[in-house]
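Single-structure report; data block below.
None of these values were measured; they are calculated from a predicted model. Below, chain A is the first sequence line, B the second, and so on; all start at residue 1.
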There are 2 protein chains.
Amino acid sequence: MTLGFILLGLLLNKPMTGYDLKSFFNNSVNFFWSAELSQIYRELSKLETQGYIISRTEQQDKKIYEVSGEGQEVFLKWLKEFPENLTPVSRNEFLVRIFFSAKLSKEELVNQFERYICQQEEEAEIYKAIEQKINSSITAGECGTDIICRRFTVRRGIYFTQSEMQWAKECIEEISKLQPEKET
Amino acid sequence: MTLGFILLGLLLNKPMTGYDLKSFFNNSVNFFWSAELSQIYRELSKLETQGYIISRTEQQDKKIYEVSGEGQEVFLKWLKEFPENLTPVSRNEFLVRIFFSAKLSKEELVNQFERYICQQEEEAEIYKAIEQKINSSITAGECGTDIICRRFTVRRGIYFTQSEMQWAKECIEEISKLQPEKET
DNA sequence: GAATTCATGTAACTTGTTACATGATTTA
DNA sequence: TAAATCATGTAACAAGTTACATGAATTC
């Protein structure tokens, strides 16, 4: 149901088509929640039958969705909750691989970590660029809570990637300290 | 398919039943990959029809699975890969909530972060306890690569939770610096 | 003897992914 | 005018969740 709430949240800012929502997604929420376009359309239909959003058709084939009063209520109620089950649904394939990596050679293992560091570095750069943009628009006068909250999530990306890289470096160091490989 | 590889990886250590696998899961892989028992059974059936595992039935109703030669090959091949698409499938409900939290009051927002810190603190304690255990068994002489790899994933948990807490604290500070709430 | 844990699974459902089809509009 | 993007969606499938049912073995 989280996807539904995300769509409600985005639509509260301004009414949009499914396609618009997807592009909005890609530049924001996508960093911590992903969804395919087909999934968005399905969710929109569901939200409409539930009465949380209302659509109007423009220019023959453009369906613009808007949040209903009920939808807004439901959204705010959800936002104020703090569910027990909030630990991020844990699915991290890299950690799975590391967990089983005893079957790899030292070199292969170090290689995995190095490539991971590269990936994280790239991701960090993306976050930093977004932070820069946000900072400029804040200096330019925009200072609503919206943008502050958005910056929180971006800062988290920076913290996260830094932490991942530190960890990976520690692992590489530890590997280098291991006794030389036994011949098999 | 990741679940399949996890099951293969666990079964390579020792043959087990689906139920055994689930308990193994809960104390290890579960921190970075979750799966329901029903899902495990389904995946086991699939792996068996693919010929990657073989089952034998003991004591009327106990089905013990073992990895086949082909299964082992497939597993090792997977392990050596480094897929493009390795960024953890991003689904973090807490970040979604923060992203939309402009609709909350300062107090409510701080509260969310504080509760999050508590949760992370608890999780950190779990990781630290596991690390202690691993360290003792390493001091006790066990020093295979298995346990080193396992410790890598645990260390990551510690890095991660620490980083999350630091971030959340930074957010709380920033909120307290915001101009006092406007009356609505 | 009753309750819990071990062990297997099915069924129904929700969510997520991939591939495809269609037609309008915009840009090169 | 050809290609790319905008915009809608369906179909088929894979993966994940929740609820339930069954019976054996173990523990209180």
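With sequence neighbours excluded, the residues satisfying side chain to side chain donor-acceptor pair (under 3.5 Å) with Tyr159(B) are Glu170(A). In terms of the salt bridge (Lys or Arg N to Asp or Glu O under 4.0 Å) criterion, residue partners of Glu108(B) (sequence neighbours excluded) are, by chain and number, Lys80(A). Residues forming a salt bridge (Lys or Arg N to Asp or Glu O under 4.0 Å) with Glu174(A) (at least two apart in sequence, or on another chain): Arg151(B). Residues that satisfy the side chain to side chain donor-acceptor pair (under 3.5 Å) test with Ser23(A), not counting sequence neighbours, are absent from this structure. For Phe99(A), the side chain to side chain contact (heavy atoms under 4.5 Å, CB included) test picks out Leu10(B), Ser28(B), Val29(B), Phe32(B), Arg150(B), Thr153(B), with sequence neighbours left out. Here Glu66(B) pairs with Arg56(B) under the salt bridge (Lys or Arg N to Asp or Glu O under 4.0 Å) rule; sequence neighbours left out. With sequence neighbours excluded, no residue forms a salt bridge (Lys or Arg N to Asp or Glu O under 4.0 Å) with Arg42(B).
Here salt bridge (charged side-chain N to carboxylate O under 4.0 Å, His left out) pairs that include residues 1-29 of chain A, with residues two or more places apart or in two chains, number zero. Judged as a side-chain hydrogen bond (donor to acceptor under 3.5 Å, both in side chains), the pairs with a partner in residues 124-133 of chain B (not counting sequence neighbours) are, in order, Glu123(B)-Tyr127(B), Glu131(B)-Arg155(B).
In this structure, Glu36(A) atom CD and dT10(D) atom C1' are separated by 15 Å, rounded to whole Å. Going from atom CH2 of Trp33(A) over to atom P of dG16(C) covers 6 Å, rounded to whole Å. Residue Met1(B) contributes atom CE, which lies 16 Å from atom C1' of dT17(C) at whole-angstrom precision. The CG atom of Asn30(A) sits 13 Å away from the P atom of dG16(C) (whole-angstrom rounding). As a whole-Å value, the separation of Leu21(B) CG from dC6(C) P is 14 Å. Atoms CZ (Arg42(A)) and C1' (dA11(D)) sit 11 Å apart, rounded to a whole Å. In this structure, Phe25(A) places its CZ atom 11 Å from P of dT17(C), rounding to the nearest Å. Separating the CZ atom of Arg91(A) from the C1' atom of dT17(C) is a distance of 14 Å, rounded to the nearest angstrom.
An OP1 or OP2 oxygen of dG16(D) is reached within less than 4.0 angstrom by a side-chain nitrogen or oxygen of Gln39(B).
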Tabulate protein N/O versus nucleotide N/O from nucleotides 5-9 of chain D, keeping only pairs under 3.5 Å, one per line.
| residue | atom | partner | partner atom | Å |
| --- | --- | --- | --- | --- |
| dC6(D) | OP2 | Tyr19(A) | OH | 2.8 |
| dA7(D) | OP1 | Lys62(A) | NZ | 3.2 |
| dA7(D) | OP2 | Asp20(A) | OD1 | 3.3 |
| dT8(D) | OP1 | Lys63(A) | N | 3.1 |
| dT8(D) | OP1 | Lys63(A) | O | 3.1 |
| dT8(D) | OP2 | Thr17(A) | OG1 | 3.4 |
| dT8(D) | OP2 | Gly18(A) | N | 3.2 |
| dT8(D) | OP2 | Tyr19(A) | N | 2.8 |
| dT8(D) | OP2 | Tyr41(A) | OH | 2.8 |
| dT8(D) | O5' | Tyr41(A) | OH | 3.3 |
| dG9(D) | OP1 | Lys63(A) | NZ | 2.8 |

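Classified by interplanar angle (parallel below 30°, tilted 30° to 60°, perpendicular above 60°), the ring pair Tyr116(A)/Trp167(A) is perpendicular.
Remark on the helix from dG1(C)-dC28(D) to dA28(C)-dT1(D): inter-end axis angle 30°, axes from five-pair C1' superpositions, rounded to 10°.
Residues from residues 45-54 of chain B placing a heavy atom under 4.0 Å of any atom in DNA chain C do not occur.
In this model, a donor atom of one side chain and an acceptor atom of the other lie less than 3.5 Å apart for Ser55(B) and Glu48(B).
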